[in-house]
Amino acid sequence: EILKEYGMEQDFQPGMRVGWNTLAKVVKKTASGKEKVDYVRMPMEGEIVSVEMDRYSAEPGYAMVAVEGEREPLMVDLTELLPA
């Protein structure tokens with residue numbers, strides 16, 4: 001499994017378009033008027049600015065991803081990214 005993650009890390013390069021999902025918290029009202037908290041999967045997309053990996057650790061790395069509408073790049077684990 002470590003080899004699989006290591007190979008996957010090599011697939012992501014700066015400038016590459018990627019997608020991933022995040023969970024957004026949504027508060028809904030039931031028919032009786034109670035508030036119910038739910039989570040909705042939100043697709044995200046952006047372009048990799050940089051990839052950070054620690055060669056001496058078994059932990060997967062992360063990528064800084066520029067997302068349209070955000071001022072700062074977001075940090076996303078490489079295990080969550082998919083090529084767009």
Side-chain angles (χ1 to χ4, degrees):
E1 188 171 323
I2 293 173
L3 292 175
K4 179 181 172 188
E5 288 178 359
Y6 178 76
M8 186 182 76
E9 289 176 346
Q10 302 307 315
D11 294 341
F12 294 103
Q13 301 296 324
M16 181 179 187
R17 299 278 308 160
V18 292
W20 71 99
N21 292 314
T22 62
L23 290 178
K25 185 176 179 180
V26 178
V27 178
K28 298 178 180 178
K29 287 210 179 221
T30 62
S32 63
K34 292 182 180 179
E35 288 189 351
K36 175 185 167 191
V37 176
D38 199 6
Y39 292 90
V40 178
R41 190 174 304 277
M42 302 291 295
M44 301 285 288
E45 192 171 298
E47 184 175 312
I48 294 177
V49 175
S50 66
V51 178
E52 303 293 329
M53 297 178 273
D54 184 358
R55 297 278 179 225
Y56 303 106
S57 173
E59 295 294 317
Y62 62 90
M64 298 303 292
V65 182
V67 178
E68 193 170 312
E70 296 285 333
R71 294 187 75 173
E72 297 290 324
L74 302 176
M75 184 172 71
V76 183
D77 287 340
L78 290 179
T79 56
E80 296 180 23
L81 295 177
L82 297 170

message: Please give me the minimum heavy-atom distance between Ala63 and Leu78, naming the atom from each residue.
response: CB-CD2, 3.8 Å
- prompt: Is there side-chain contact between Pro73 and Val65, with heavy atoms separated by less than 4.5 Å?
  reply: no
query: Between Val49 and Pro14, what is the shortest heavy-atom contact and its length?
result: O-CB, 3.6 Å
task: Can you measure from CG (Leu81) to CE (Met44) and round to the nearest 0.5 angstrom?
output: 11.0 Å
message: I need the Ile48 CD1 to Arg17 CZ distance, nearest 0.5 Å.
response: 10.5 Å
message: Looking at every heavy atom in both Trp20 and Glu80, which two are closest together, and how far apart are they?
response: CB-O, 3.3 Å
query: At what distance, to the nearest 0.5 angstrom, does CG of Leu82 lie from CZ of Phe12?
result: 6.5 Å
- prompt: In Å, rounded to the nearest 0.5 Å, how long is the span from CE of Met64 to CD of Glu72?
  reply: 8.0 Å
- prompt: In Å, rounded to the nearest 0.5 Å, how long is the span from OG1 of Thr30 to NZ of Lys36?
  reply: 8.5 Å
message: If I compare all heavy atoms of Met42 with all of Ala24, which pair ends up nearest, and what's the gap?
response: CG-CB, 3.5 Å
